[in-house]
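Reviewing the structure listed below.
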Amino acid sequence: MGKDGGDEEVIEENGNERKDQEKGLVGYSVRFDHRVPPGTKIKYVTEGMLLQELLRDPHLRQYSAIIVDEIHERSVDVDLLSGFLKQIVTGDKVGRGGIPLKVVVMSATAQVEHIKKFFSSDDSLKNGTSGEEVEYLQIEGRQFPVEVIHEPKPVADIQEALIKTVFKIHTQEPLSDKHGKKDILCFLTGQEEIEAAQRLIEEFAETLDPKVPKVKVFPLFGQLSMEAQHEAFQPIKHPFTRKIVLATNIAETSVTVPGVRYVVDCGKAKVKQYRPRLGMESLLAKPISKSSAIQRTGRAGREGPGKCFRLYTADTFATLQKTDLPEILRTDVLGAVLTMKARGIDDVLSFPLMDRPEIEAVENALVHLHVLGALGDDGRITDMGRKMVMFPVTAPYARVLLAAADQKYDCLLEAIDIIACITAGDDIFMQVRSEEDKESVDVYRKELQRREGDLITYLNTMQRFVSTPSSDRATFCKQRRINVRNMRQALNIRKQLRSLSVKTKMLLQDDAPPPPPDSEVTTYQPVSPETAERILKAFLKGFAMKTAILAPDSSYVTAHGKHVVAIHPSSSMHGVKREAIMFLEHVYTQKNYAKKVSAIQAGWIAEALAV
DNA sequence: GAGCACTGC
C-alpha cells in the first residue's frame, strides 16, 4: 500500500487503546489482501473498501473516527465517501446510537475553503456561521526554493521552444552543485510529442561544441516497459553528461525522478473526459491547472534550489483554472449513481457532493441503469442492481456477468476470463516498439486471434495462458509481449469474480472449485463458434448501446447516435469489414475510435435490447 | 495505423 495512495485510516472502537497500540493492533484491508486481526484498533482501508462496508453498515457504527488522507486527489470514490461522511456527521445520530463520528480530512493543496464549506452543516451555512464546527489546522510543507521563469510572449511552436529552453539550460547552467546532479525534467503531453522531442534534442546535441557537456535523453511514459522506465531513474553513468528526462504526467503524480533541478513545463496534459451527450469519451491535450503547474514546478526543488521554465506566459498562467476538474466531472457517473442507489439514496440529485455533475449526466446515467435493468421503472434499485453492485466492475460488465450466468447464455466462466483480462489495467498486449520484434511477436499473436474479434481473442489468451505449465508462462508472455504484471492481476480478478459468483449463487461451488496453484493445467481447447456467439450475445446485454452497423460507404455508423466510428488500430478487427460490430470503448482522439471490438450480427442488437 | 496517469468491492 503506497503511503500516498489516498487511503483512509479508520479507527475502530472499544478495547484498551494504549495496550492494544503496544501490541501493534493495526490492520489493513485492500483488494486481494486483508489483515484485520481480532481487536484491531486502527484499520487502513481503500475508499472502495469503505464504500463497500457502507452497504452493510450505513452508519459506520463500527468506527469512532475516520481519517481521509489526500482528499484533494478527488477520485469518484473519495467524493462519494465524503458525501456519506457528511450525512453521518451532520445528520441526527440515531443510527449511531447517539455517538458522533469524528472525521479528519487531510489535503495537500488548494481547495481548503471548498472542502471546509462542504463538511459544514447546511444550517450553519444559513446562519452565516460557515465552517463553525469544522476545525482547521495548517502545516507548512518543506521544499527548496524554485525560481519560476515564464516566456515573455506566447510561443507558436512548443517543440521549438522546448529545444531552445533545454539547450539554454544545458549550456548556461552547471552540471552539478553541492546538492548533487542538476538534471532536466520536461513535462510533455504524450508519447508522440516525447518521441519527436527526443529526436530533435539528439539531433541538436550532435552540433554542440565538444567542450560543452554531453546530453542523454530518457523518455518516460506509462506505456514504456518497466526496464525502460527504470532507466530514467538511474543516475547517469557517463561523466560530463546531463540527463534530460522527457515525461508525461506520470512524473507529476506517480513517480519521482531523482536528480532533477530544472523543470520545463509545456503547460498541457492529456485528459480523458466523458461526454454524456455523446455517450463517449475524449482524450485530448488541455491546459493544466494552476495547482498542477505548481506541482510540476515543485519537482525542481526536491533535492536543492531549482528553476522552472514555463513555456507559456505569466498571463497565461493567471488564466489557468485553480484546480483540475475532479474525476466525478470527467467520467461517466453511471457507477457513482448505482453506488448511491445501492446505499439507499433515492434522490441522487440532492446527495451532497463537493462538485455536482450536470443534471443531464445524472439523468443519462439513470436511463442507462434502467436499460441495464439495475433500476426499475420507479427508479429504485432492482434485485439485479443489488447483485451488480457486489462485483468490482463497472455496471455494464456486471450486467454481462449476470447475463452470462443466465441459462440462455451459459458462459459465465468465459465472460469472467474476458472481463478479468480487460479490467486488469492497461491492455495485457503491450505495444511492440521495434519493427524486428514486431514480426516475431505478430506470428505468436496471430495464433491467439479469432475472427470473432478482440473479446474472444482475450478469452483465447487467458485459456492458453492457464493451460500453459507455470514454468513456461514467462516465455509464453515474452513471446507475445504480454504484460506479466497485468496478466497476474487478471488472474487475481478472475479468482475474485469466480468466488463472488459462487457467493451470489450464480455459480455452484462444484463448478469452479477454488483451484490450488497450477492445478488448472489442462489440454487447451478453443471455444466453438457457437459458444463464441453466446458469449458475444451476453456482452451485448451490457453493451447494446455500443454497436455500429456497416454502412453502404463501408464506414461503421453507431446504432446509438448515428456517428461514424473507426476501429482503433490496436484492435484485431482493424481494417476488417463485417456486418456489425460491438465495442466496449468509444474514445475521441484523432478521430472517433472504437476499441475492444467484436464482430456481431445486426439482428443481435435488437434481441439484446428486448427483455 | 495509434496509445495522459492512477485505482477498485
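Predicted model, so just to flag it, every value in this text is computed and none were measured. Order of the sequence lines sets the chain letters (A, B, ...), proteins ahead of strands, with each chain counted from 1.
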For the pair made of NE2 in A:H72 and P in B:dA5, what is the distance, rounded to whole Å?
-> 19 Å
Across the strands shown, which category fits A:E53 at heavy-atom distances under 4.0 angstrom: base, sugar-phosphate, nothing?
-> nothing
Worked verdict on A:F539 versus A:F583 for ring-ring contact (aromatic ring centres under 6.0 Å, His included) | CA-CA 10 Å; A:F539 270 85; A:F583 43 96; over 10 Å; no
May I have the distance from A:E195 (atom CD) to B:dG1 (atom C1'), rounded to whole angstrom?
-> 14 Å
If you look at every strand shown and take non-hydrogen atoms under 4.0 Å, does A:Q496 touch a base, only sugar-phosphate, or nothing?
-> sugar-phosphate
For the side chain of A:Q191, starting at C-beta, report the closest nucleotide among B:dG3, B:dC6, B:dA2.
-> B:dG3
How many Å lie between CG on A:N592 and C1' on B:dG1, as a whole number?
-> 16 Å
Classify the nucleic acid contact of A:S75 as base, sugar-phosphate or nothing, counting any heavy atom under 4.0 Å across all strands shown.
-> nothing
What's the closest nucleotide to the A:K272 side chain, out of B:dA2, B:dC4, B:dC6?
-> B:dC4
Side chain of A:P569: nearest nucleotide among B:dC6, B:dG3, B:dG1?
-> B:dG1
Under the ring pair (Phe, Tyr, Trp, His ring centres under 6.0 Å) test, which residues partner A:Y312, sequence neighbours left out?
-> none
Nearest-nucleotide wise, let me know which of A:Q52 and A:V271 is further upstream toward the 5' end of DNA chain B.
-> A:V271
Give A:L283 one of three labels, base, sugar-phosphate or nothing, depending on what nucleic acid heavy atoms sit under 4.0 Å from its own.
-> base
Is A:K596 touching bases, backbone alone, or none of the nucleic acid, heavy atoms closer than 4.0 Å?
-> nothing
Taking the nucleotide of DNA chain B with the closest heavy atom to each, which residue, A:V389 or A:I250, is nearer the 5' end?
-> A:I250
Please state whether the phosphate of B:dA5, meaning OP1 or OP2, lies under 4.0 angstrom from any side-chain nitrogen or oxygen of A:T248.
-> yes
Could you work out which one of B:dC4, B:dG1, B:dC6 sits closest to the side chain of A:H574?
-> B:dG1
A:F391 versus A:T504: any side-chain heavy-atom pair under 4.5 Å?
-> yes
Verify the contact: side-chain N or O of A:T589 to OP1 or OP2 of B:dA2, cut-off strictly under 4.0 Å; return yes or no.
-> no
When rounded to whole Å, the CZ to P distance for the pair A:F221 and B:dC6 reads 12 Å
Does the A:R299 side chain pair with the main chain of A:A251, one donor and one acceptor, at a distance under 3.5 Å?
-> yes
Residues that A:F317 engages under ring pair (Phe, Tyr, Trp, His ring centres under 6.0 Å), provided they are two or more places apart | A:H150
Under-4.0 Å side-chain N/O to phosphate OP1/OP2 contact, A:Q223 with B:dA5 = no
